[in-house]
Amino acid sequence: MSDVADRVKKIVVEHLGVEEDKVVENASFIDDLGADSLDTVELVMAFEEEFGIEIPDDAAETIQSFGDAVKFITEAA
Amino acid sequence: MFDLSGKCALITGASGGIGGEIARTLHAAGATVGLSGTRVEPLQALADELGERAHVLPCNLSDAEAVTALPKQAADAMGSVDILVNNAGITRDNLFMRMSEEEWLSVLDVNLTSTMRLCKGAIRGMMKARWGRIINISSVVGSTGNPGQANYAASKAGMVGMSKSLAYEVASRGITVNCVAPGFITTAMTDKLTDDQKSGILTNVPAGRMGEAAEIGAAVLYLASTEAGYMTGATLHVNGGMAMY
């Protein structure tokens, strides 16, 4: 697993309080990991800080799953 | 009661009568204050008067970029923004049928849109801290309407609807969003009224007098306090009884 994926997973596990093995490629933050809509906003904020990038609002809306996040950040970083 | 030690408050329109008094009240309760406004001189004078824990943060609220940058500037200067008081406001009074688009838009922009921008910028840190207080200064005319002030009344009523919606969204993060709606308060603005105008206004005020800026400051202090943590989406009407809700 890439370094980006590890760091994203750590943030998701800490923020949502889920088991690490639940955070798989297709895991949806809201449907599978129990996030509410505000959690997804906070996750994006945490990603921005961790990776020193800016995620615009329209892009943030497309980040729905763990895989989405890793893909977006890998491309943006 | 109401100890704000260790909290940092950003207050817009702090060069005005009500804003200045809000800043004094929060500062007296122990808060560090960020004084924002367009005119630097009165802000600096207030900061000098308050002494420690006071920062001057000039900002023109009709400049979108400057407004967006303000919460970050305030957090850099003070360490955080735990309390945001959106107090700045302008009037461009005119009869509705004569009101230009420019008069409408400038009032909506400064009073309502800048409030939205500042809330957006400040909430980030509040969400992380799991604590925040947003207090938007509305007006009695936002509820009652007032001839000649369709733009101003719309902006102040808009603040109430926005605050309630935002209050829903962020309540689970320990952030409250409330409004204070002042009635007729003694300030430089109301000093310009003639005695006849004043007595005309006061016939509609059961308390029989104008309010003092400190009485708005006290309402803001309550809403900013930890003790007010269960009050959100509310509007405190401080108007001597001229309109009761």
Side-chain angles (χ1 to χ4, degrees), chain A residues 3-20 22-23 27-66 68-77, chain B residues 8 10 64-84 112-134 136 161-178 229-233:
Chain A
D3 169 53
V4 169
D6 279 343
R7 287 157 71 191
V8 171
K9 183 176 280 188
K10 189 159 175 280
I11 289 169
V12 173
V13 166
E14 272 173 18
H15 190 88
L16 300 180
V18 292
E19 297 295 323
E20 211 177 307
K22 293 265 181 7
V23 186
S28 155
F29 295 132
I30 289 174
D31 297 333
D32 302 318
L33 302 177
D36 64 23
S37 54
L38 207 53
D39 285 318
T40 64
V41 174
E42 290 185 317
L43 282 173
V44 166
M45 280 163 42
F47 298 151
E48 287 182 328
E49 257 171 51
E50 171 73 18
F51 296 97
I53 55 174
E54 271 217 24
I55 305 178
D57 289 341
D58 52 347
E61 281 167 25
T62 68
I63 301 177
Q64 300 285 339
S65 70
F66 173 63
D68 292 340
V70 174
K71 184 163 174 288
F72 183 90
I73 293 161
T74 307
E75 282 166 9
Chain B
C8 301
L10 171 60
E65 263 178 51
V67 174
T68 306
L70 180 61
K72 191 165 181 306
Q73 282 169 1
D76 289 345
M78 300 192 289
S80 62
V81 177
D82 310 299
I83 300 160
L84 171 64
L112 183 59
T113 307
S114 79
T115 296
M116 175 276 290
R117 290 194 176 110
L118 291 172
C119 286
K120 222 172 174 183
I123 277 177
R124 243 181 134 87
M126 293 178 182
M127 276 169 68
K128 259 197 182 160
R130 292 290 190 268
W131 199 95
R133 296 283 182 270
I134 294 175
N136 294 325
M162 190 198 82
S163 300
K164 289 178 181 176
S165 305
L166 182 54
Y168 268 108
E169 293 188 19
V170 298
S172 65
R173 275 21 177 208
I175 304 168
T176 67
V177 188
N178 293 287
Y230 203 54
M231 173 166 267
T232 194

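Because only heavy atoms are used, hydrogens play no part in the values below, and waters and symmetry mates are left out as well, while side chains stay in. Here is the naming used below: chain letters follow the sequence lines, and residue numbers restart at 1 for every chain.
Heavy-atom proximity under 4.5 angstrom to chain A picks out nothing from residues 65-77 of chain B. Using a 4.5 Å heavy-atom cut-off against chain A, the contacting residues of residues 124-131 of chain B are Arg124(B), Met127(B), Lys128(B), Arg130(B). Residues of residues 32-45 of chain A lying under 4.5 angstrom from chain B, judged on non-hydrogen atoms, are Asp36(A), Leu38(A), Asp39(A), Val41(A), Glu42(A), Met45(A) in numerical order.
A donor and an acceptor atom, one from each side chain of Asn136(B) and Thr115(B), are nowhere located under 3.5 Å apart.
For the pair Asn178(B) (side chain) and Gly233(B) (backbone), a donor-acceptor distance under 3.5 Å is present. Put simply, the side chain of Thr176(B) never gets that close to the backbone of Arg133(B): no donor and acceptor are under 3.5 Å apart. Remark: side-chain polar atoms of Thr62(A) are not paired, donor with acceptor, to backbone N or O of Asp58(A) under 3.5 angstrom. Looking at Gln64(A), its side chain never comes within 3.5 Å of a backbone N or O of Ser28(A) through a donor-acceptor pair.
Classification of Asp6(A) and Lys10(A) as a salt-bridged pair fails, no side-chain N sitting under 4.0 Å from a carboxylate O.
Val81(B) is not listed as a side-chain neighbour of Cys8(B), based on a closest heavy-atom distance of 4.5 Å or more. Using a 4.5 Å heavy-atom threshold, the side chains of Phe47(A) and Val12(A) count as touching. Looking at Val8(A) and Phe51(A), their side chains come closer than 4.5 Å, going by heavy atoms from C-beta outward.
Qualifying salt bridge (charged side-chain N to carboxylate O under 4.0 Å, His left out) partners for Asp57(A), counting only residues two or more places apart in sequence or in other chains: Lys120(B).
The minimum heavy-atom distance linking Leu84(B) with Ala122(B) is given by the pair CD2-CB, 4.0 Å.
Atom-to-atom distance recorded for Ile73(A):CD1 and Ile55(A):CD1 is 5.5 Å, nearest 0.5 angstrom. How far CD1 of Ile134(B) is from CE of Met162(B): 7.5 Å, rounded to the nearest 0.5 Å.
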